[in-house]
Amino acid sequence: MTVRSCLTVVLAAGEGTRMRSLRAKVLHAVAGRPLVAHVLAAVQATGGRVAVVVGPGADAVTAAVKAVAPDADVFVQAERRGTAHAVLAARAALEQGADDILVVFADTPLIRPETLAALRAPLAAGAAVSVLGFRPADPTGYGRLVTDGDDLFAIREEKDASAEERAIRLCNAGLMGLSGAHALALLDRIGDANAKREFYLTDAVALARESGFRAAVTEAIDDSEVLGVNTQAQLAEVGAVLQQRLRGALLDAGVTMAAPETVHLCFDTTIAHDVTIEPYVVFGPGVSVEEGAVIKAFSHLEGARVGRGALVGPYARLRPGAVLEADVHIGNFVEIKAATVETGAKANHLSYIGDARIGAKANVGAGTITCNYDGVLKHKTDIGAGAFIGSNSSLVAPVKIGDGAYVGSGSVITTDVPADGLAVARGRQTVKQGWAARWRAIASVKKKS
Ligand code: UD1
Ligand code: MG
């Protein structure tokens with residue numbers, strides 16, 4: 001069997017008025033990345049060339065597209081005159097030719113590569129048009145599929161449908177496959193003689209039939225896949241479906257979560273088997289967790305690596321660049337940023353560790369702060385292996401604490417501490433015998449007078 005070439009045209013020129021947001025609709029994010037990036041990931045898994053159609057002035061959309069699909073060709077649809085008009089904005093890409101042309105919407109982020117492949121199958125079998133059908137609980141607003149058995153005759157947009165056609169439950173999910181051999185000829189014949197005066201992509205079905213070609217319907221296995229985003233409520237709904245998918249995949253892979261519905265994941269969260277995630281943990285982008293680690297409740301992680309057997313939280317915050325090696329303990333109200341915490345080191349309570357290295361088995365006492373910022377520049381703190389930092393110390397960077405050194409509790413450390421040395425940098429304690437009793441006696445006399 002020869003491999004059929006494919007061009008996918010992603011329509012992203014929508015205005016997204018109903019989002020009531022200054023940001024372009026397809027840049028709103030679910031599970032840590034924009035809608036359009038989710039769609040492009042599914043499209044890339046399908047293979048072939050990619051063309052994205054954006055609205056005028058959509059530089060931010062173009063940038064988001066290029067970030068995930070640098071090879072994609074971006075076209076601008078100057079005026080918004082319907083889905084067929086949008087596809088034709090990518091005429092130059094269509095003219096280069098492909099066996100299969102897929103049209104997908106950038107605001108439908110749950111689409112799976114398997115479904116895109118299923119949509120292409122009828123094209124390989126000779127159909128000129130292939131449509132993804134589904135049966136929504138409420139078909140209002142969707143194009144209805146006019147069929148006889150497996151035979152698809154036309155797609156009727158709701159505004160143009162007769163009462164009889166409106167009663168049809170099988171609807172157009174919006175995704176379409178077109179045979180590359182006929183795509184341009186069909187698209188160029190589409191007119192705008194309809195209720196919305198738009199060039200409807202869906203008219204390709206009836207036109208193909210008129211020319212004696214076949215049109216096919218593939219029913220979506222999972223209706224949630226074709227959920228589109230037009231409002232903030234739908235964005236949240238799609239996000240919730242995605243979270244369920246991501247959690248399900250982790251549970252299948254051997255991750256323990258007592259309350260998975262409270263754990264928020266990102267598209268790229270990587271968690272090994274035998275990791276335990278307690279309730280209410282939030283993962284931002286770029287987190288990986290290795291075997292046997294435990295992430296305790298209410299922790300927030302982003303851009304971080306958690307090594308084997310590490311304990312994190314409850315209430316820990318790992319920010320970008322946090323690298324915890326094996327068996328590290330990071331406890332409650334500890335924030336780690338751009339810092340490597342080496343094997344077996346501990347910072348269990350109320351600390352800020354930023355721009356630092358903490359050597360193996362070092363112990364960072366409660367309330368320790370790396371003072372990494374001088375108002376202009378960031379500086380590094382380097383703590384040696386086995387060092388002991390007494391509670392409530394401030395380490396004013398740049399500064400080095402040698403291997404095995406001690407820092408006395410409450411110190412403000414501004415110069416390097418040699419290996420195995422002790423640094424104490426705080427006011428010396430003075431004790432006045434009997435002072436409190438004398439003071440109370442004086443004070444009680446004053447109070448009476
Ligand atoms: C479309 C389908 C309808 C289907 C529904 C599924 C057509 C004519 N109708 O209707 O059968 O049931 O999707 O959700 O295709 N777009 C552009 N430029 C345009 C017009 C649209 O880029 O000029 C983009 C939109 O941003 C959106 C997509 O194409 O991502 C679909 O457009 P939309 O106006 O939402 O079409 P529907 O009326 O929902
Ligand atoms: Mg729509």
Using modelled atom types only, decide if a donor and an acceptor are shared between the side chain of Ser288 and the backbone of Thr270 within a distance under 3.5 Å.
no
Answer yes when Glu219 and Arg135 have at least one side-chain N-carboxylate O distance shorter than 4.0 Å, and no when they do not.
yes
Would Leu250 and Leu265 count as a side chain to side chain contact (heavy atoms under 4.5 Å, CB included) here? Give the steps.
CA-CA 10 Å; Leu250 289 184; Leu265 299 162; 3.6 Å; yes
If you take all heavy atoms of Ser393 and Ile389, which pair is closest and at what distance?
CB-CG2, 3.9 Å
Flag the pair Val255 / Met257 as yes when at least one side-chain heavy-atom distance between them is below 4.5 Å, and no otherwise.
yes
Take atom CZ in Phe298; do more than 12 heavy atoms of anything else shown fall under 6.0 Å from it?
yes
What I want to find out is whether Glu342 reaches Lys361 closely enough, with some N-O distance under 4.0 Å, to be called a salt bridge.
no
Gln77 meets the side-chain hydrogen bond (donor to acceptor under 3.5 Å, both in side chains) criterion, sequence neighbours left out, with His85
Pair Thr8, Val104 - check side chain to side chain contact (heavy atoms under 4.5 Å, CB included), show working.
CA-CA 7 Å; Thr8 304; Val104 303; 4.0 Å; yes
Please check if the side chain of Glu325 supplies one atom and the backbone of Thr343 the other of a donor-acceptor pair under 3.5 Å.
yes
Judged by atom type as modelled, is there a donor-acceptor pair below 3.5 Å linking the side chain of Arg4 to the main-chain atoms of Arg120?
no
Return the CD1 to CD1 distance between Ile383 and Ile401, rounded to the nearest 0.5 Å.
6.0 Å
Applying side chain to side chain contact (heavy atoms under 4.5 Å, CB included) to Leu246 and Thr269, what does each step give before you reach the verdict?
CA-CA 9 Å; Leu246 293 165; Thr269 307; over 6 Å; no
Could you walk me through whether Asp355 and Lys337 pass the salt bridge (Lys or Arg N to Asp or Glu O under 4.0 Å) check?
CA-CA 6 Å; Asp355 302 297; Lys337 185 221 61 164; 2.9 Å; yes
Pairs flagged by side-chain hydrogen bond (donor to acceptor under 3.5 Å, both in side chains) wherever residues 16-36 is involved - sequence neighbours left out
Ser21-His28, Lys25-Asp107, Lys25-Asn230, Arg33-His38
For the pair Lys196 (side chain) and Glu157 (backbone), establish whether a donor and an acceptor sit closer than 3.5 Å, ignoring hydrogens and angles.
no
Nearest 0.5 Å, what's the CD1-CZ distance between Ile413 and Arg426?
10.0 Å
If you define the side chain from C-beta out and look only at heavy atoms, does anything of Val312 sit under 4.5 Å from Val294?
no
Check whether any side-chain heavy atom of Val275 lies under 4.5 Å from a side-chain heavy atom of Arg308, and answer yes or no.
no
Atom pair NE2/NE2 of His300 and His264 - distance to nearest 0.5 Å
8.5 Å
With Thr115 via side-chain hydrogen bond (donor to acceptor under 3.5 Å, both in side chains) - residues at least two apart
Glu225
Say whether, by atom type as modelled, one donor and one acceptor occur between the side chain of Ser299 and the main chain of Ala316 under 3.5 angstrom.
yes
Sort and list the pairs that fulfil salt bridge (charged side-chain N to carboxylate O under 4.0 Å, His left out) and have at least one residue in residues 362-391, not counting sequence neighbours.
Arg357-Asp382
Side chain Ser411, main chain Ala425, donor-acceptor under 3.5 Å:
yes
Can you measure from OG (Ser351) to CG (Asn332) and round to the nearest 0.5 angstrom?
10.0 Å
Plane angle bin for Phe134 and Tyr142 - parallel if under 30°, tilted between 30 and 60°, otherwise perpendicular:
perpendicular
Check: Gly390 main-chain N/O paired with Ser409 side-chain donor or acceptor under 3.5 Å
no
For the student: nearest non-hydrogen atoms of Val263 and Gln243, plus distance:
O-OE1, 3.9 Å
Side chains of Asp403 and Asp420: does their closest heavy-atom pair fall under 4.5 Å?
no
Which heavy atom of Gly228 sits nearest a heavy atom of Thr108, and at what distance?
CA-OG1, 4.2 Å
If you count heavy atoms of other groups shown closer than 6.0 angstrom to CZ of Phe267, is the number above 12?
yes
N/O donor-acceptor pair under 3.5 Å between Gln96 side chain and Ala93 backbone
no
Is the CD atom of Gln433 crowded by more than 12 outside heavy atoms at less than 6.0 Å?
no
Arg247 and Glu261: salt bridge (Lys or Arg N to Asp or Glu O under 4.0 Å), yes or no, with the steps?
CA-CA 8 Å; Arg247 292 171 192 135; Glu261 69 283 3; over 6 Å; no
Of the options Val65, Val52, Val26, which is the one that meets Val10 in a side chain to side chain contact (heavy atoms under 4.5 Å, CB included)?
Val52
Residue pair Thr368, Leu395: steps toward the side chain to side chain contact (heavy atoms under 4.5 Å, CB included) verdict:
CA-CA 8 Å; Thr368 298; Leu395 309 176; 4.2 Å; yes
So do Val53 and Val9 actually touch side chain to side chain, heavy atoms under 4.5 Å?
yes
Ignoring hydrogens, what is the shortest heavy-atom contact between Leu94 and Val87? Give both atom names and the distance.
CD1-O, 3.7 Å
Does any part of the side chain of Leu187, heavy atoms only, come nearer than 4.5 Å to the side chain of Arg91, both counted from C-beta?
no
Shortest non-hydrogen pair, Ala173 vs Val226, comes out as CB-CG1, 3.6 Å
Would you check if Ile295 and Glu278 make a side-chain contact, meaning some heavy-atom pair closer than 4.5 Å?
no
Using the side-chain contact (heavy atoms from CB on, under 4.5 Å) criterion, which residues pair with Tyr406? Sequence neighbours excluded.
Phe388, Leu422
Please confirm whether the backbone N or O of Gly375 pairs with a side-chain atom of Tyr373, one donor and one acceptor, at under 3.5 Å?
yes
Distance only, no hydrogens: is a donor on one side chain within 3.5 Å (strictly under) of an acceptor on the other, for Asn372 and Thr370?
no
Taking side-chain hydrogen bond (donor to acceptor under 3.5 Å, both in side chains) as the test, write out the residues that go with Lys296, two or more places apart.
none
Would you check if Val39 and Phe105 make a side-chain contact, meaning some heavy-atom pair closer than 4.5 Å?
no
For residues Val229 and Pro109, report the shortest heavy-atom separation together with the two atoms involved.
CG2-CD, 4.3 Å
Straight-line distance of Asp59 CG to Lys66 NZ, nearest 0.5 Å
12.5 Å
Return the CG to CZ distance between Leu201 and Phe199, rounded to the nearest 0.5 Å.
13.0 Å
Exercise: do Glu158 and Thr140 side chains pair donor with acceptor under 3.5 Å:
no
